[in-house]
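Reminder, nothing fancy here: chain letters follow the sequence lines and each chain counts from 1.
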2 protein chains.
Amino acid sequence: MSNFGDLIRIAREEKGLFLRQVAAELEIDQAIISKFERNERKPTKEQVLKFAKFYKLDKEVLLVEWLSDKVVNDLQDESLADKVLKAAEQKIKFKRK
Amino acid sequence: MSNFGDLIRIAREEKGLFLRQVAAELEIDQAIISKFERNERKPTKEQVLKFAKFYKLDKEVLLVEWLSDKVVNDLQDESLADKVLKAAEQKIKFKRK
DNA sequence: ACTATATTTGACCAGTTTTGTCAAAACACA
DNA sequence: TGTGTTTTGACAAAACTGGTCAAATATAGT
């Protein structure tokens, strides 16, 4: 199962870049990027988009990864997760009308 | 489509109670309850449980309503909602193993 | 319109959480 | 050991939450 951190770590490694270099390019402290890569901290939406652009990753893929991490985080109480997701789906459907 | 606010407003009206009374009973400021009923503010989990108990509503129903409101709130970008919910589902499934 | 009561609104505060900065510690490896 | 990279943790700044209160607004009865 993928997650935001893995995606950006792999992308960085594939390009053979150091945290320092990415940090300079994106103007984000390298300590923070390190934490993003280990899923220790959640980036802002802006930052997600910066990573997508810089690593040339699909913006949507990265956003979905990031948002679903956030949703999972809301559902601490696993036991209700299924019901909650179903309910959320219904609400979204309803909103679209 | 229901939501947390509607549920507790209807419950209160069915019991013929004033905000003031509920506020006193639950020790929550009536201005806040008013905002909960209009979905202007999100209660804490504790508060959700207080309402369930006081109005004798099913705890789980109320929690699902509350959590799914939270999830929908995360998904500002409706266009990705379906993908995000599917991804979240996968992550939950994965976590369970 | 006036009164009385109920609800909503908005300004403000305090406490918590999140985000960013930095330097030291830990790690990798020649 | 020496050099360069990554991780960790302490700290501060900023943003967000949750609560309090009183004034404004709405509602109903007279």
Side-chain angles (χ1 to χ4, degrees), chain A residues 3-55 62-63 65-77 84, chain B residues 2-55 62-63 65-77 84 88:
Chain A
N3 56 62
F4 182 81
D6 288 351
L7 291 186
I8 62 171
R9 164 143 298 177
I10 288 168
R12 179 170 66 86
E13 288 174 345
E14 276 177 354
K15 294 195 167 44
L17 297 171
F18 297 126
L19 284 177
R20 168 172 45 80
Q21 300 174 285
V22 179
E25 197 66 39
L26 303 187
E27 295 181 301
I28 302 175
D29 190 285
Q30 73 167 29
I32 296 182
I33 300 180
S34 168
K35 283 166 190 168
F36 291 159
E37 292 188 352
R38 286 169 297 105
N39 297 298
E40 197 188 306
R41 275 213 193 176
K42 305 284 171 204
T44 64
K45 186 174 182 178
E46 302 253 313
Q47 290 169 330
V48 173
L49 296 174
K50 273 190 181 180
F51 281 109
K53 191 169 179 190
F54 181 62
Y55 290 137
L62 222 50
L63 280 174
E65 206 60 59
W66 169 69
L67 272 174
S68 60
D69 281 351
K70 226 200 285 193
V71 168
V72 170
N73 200 51
D74 281 349
L75 306 177
Q76 306 106 321
D77 188 348
V84 171
Chain B
S2 61
N3 56 63
F4 182 81
D6 287 353
L7 291 186
I8 61 170
R9 164 143 297 176
I10 288 167
R12 179 170 66 85
E13 286 173 345
E14 277 177 353
K15 295 196 166 45
L17 297 170
F18 298 126
L19 284 176
R20 169 171 43 82
Q21 300 174 286
V22 179
E25 197 67 39
L26 302 187
E27 295 181 302
I28 302 174
D29 189 283
Q30 73 166 31
I32 296 182
I33 300 180
S34 169
K35 283 166 190 168
F36 290 160
E37 293 189 351
R38 285 169 299 105
N39 298 298
E40 198 188 307
R41 277 219 191 168
K42 304 287 171 203
T44 65
K45 187 174 182 177
E46 302 253 314
Q47 290 169 329
V48 173
L49 296 175
K50 273 191 182 181
F51 281 110
K53 193 170 180 191
F54 181 62
Y55 290 137
L62 221 50
L63 281 173
E65 206 60 59
W66 168 68
L67 273 174
S68 61
D69 281 351
K70 225 202 284 194
V71 168
V72 169
N73 199 50
D74 282 348
L75 306 177
Q76 306 107 321
D77 188 347
V84 172

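- Within the nucleic acid shown, A:Gln47 comes within 4.0 Å of sugar-phosphate atoms alone, with no base atom in reach, counting heavy atoms only.
- A donor-acceptor pair is defined here as one N or O able to donate and one able to accept, closer than 3.5 Å; such a pair exists between the side chain of A:Trp66 and the backbone of A:Pro43.
- Proximity of a side-chain donor or acceptor of A:Gln47 to a complementary backbone N or O of A:Thr44 within less than 3.5 Å is detected.
- For the pair B:Arg38 and C:dT7, the criterion of a side-chain N or O lying under 4.0 Å from OP1 or OP2 is not met.
- In this structure, A:Glu40 places its CD atom 8 Å from C1' of D:dT8, rounding to the nearest Å.
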Donor-acceptor contacts, no H, no angles, side chain residues 21-32 of chain B, under 3.5 Å, sequence neighbours left out:
residue, atom, partner, partner atom, Å
B:Gln21, OE1, B:Phe18, N, 2.7
B:Asp29, OD1, B:Ala31, N, 2.8
B:Gln30, OE1, B:Arg20, N, 3.4

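- In this structure, the CD1 atom of A:Ile33 is 15 Å from the C1' atom of C:dC22, given to the nearest Å.
- Between A:Trp66 atom CH2 and C:dT19 atom C1' there is a gap of 14 Å when expressed in whole angstrom units.
- If you measure from atom CG of A:Asp29 to atom P of C:dT18, you get 19 Å, rounded to the nearest angstrom.
- In the set C:dT7, D:dT20, D:dT7, the nucleotide with an atom closest to the side chain of B:Arg9 is C:dT7.
- Residue-to-nucleotide contacts include a donor-acceptor pair under 3.5 Å from the side chain of A:Lys35 to the base of D:dG9.
- Nucleotide C:dC27 holds its P atom 21 Å from the CZ atom of A:Arg20, rounded to whole Å.
- Residues A:Asp69 and A:Val72 form no side-chain contact, since every pair of their non-hydrogen atoms from C-beta on lies 4.5 Å or further apart.
- Between the CD atom of A:Glu13 and the C1' atom of D:dT6 there is a distance of 11 Å, rounded to whole Å.
- Residue A:Ser34 places no side-chain N or O under 4.0 Å from the OP1 or OP2 atom of D:dT6.
- We find that CD of B:Gln21 is positioned 13 Å from C1' of C:dT7, with the value rounded to whole Å.
- A:Arg12 has a side-chain polar atom (N or O) that falls below the 4.0 Å cut-off from OP1 or OP2 of D:dT6.
- Atom CG of A:Leu19 is separated from atom C1' of C:dA23 by 16 Å (rounded to the nearest Å).
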Worked verdict on A:Lys70 versus A:Lys42 for side-chain contact (heavy atoms from CB on, under 4.5 Å): CA-CA 8 Å; A:Lys70 226 200 285 193; A:Lys42 305 284 171 204; 5.8 Å; no
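- Judged by closest nucleotide on DNA chain C, B:Gln30 is the one of A:Thr44 and B:Gln30 placed further toward the 5' end.
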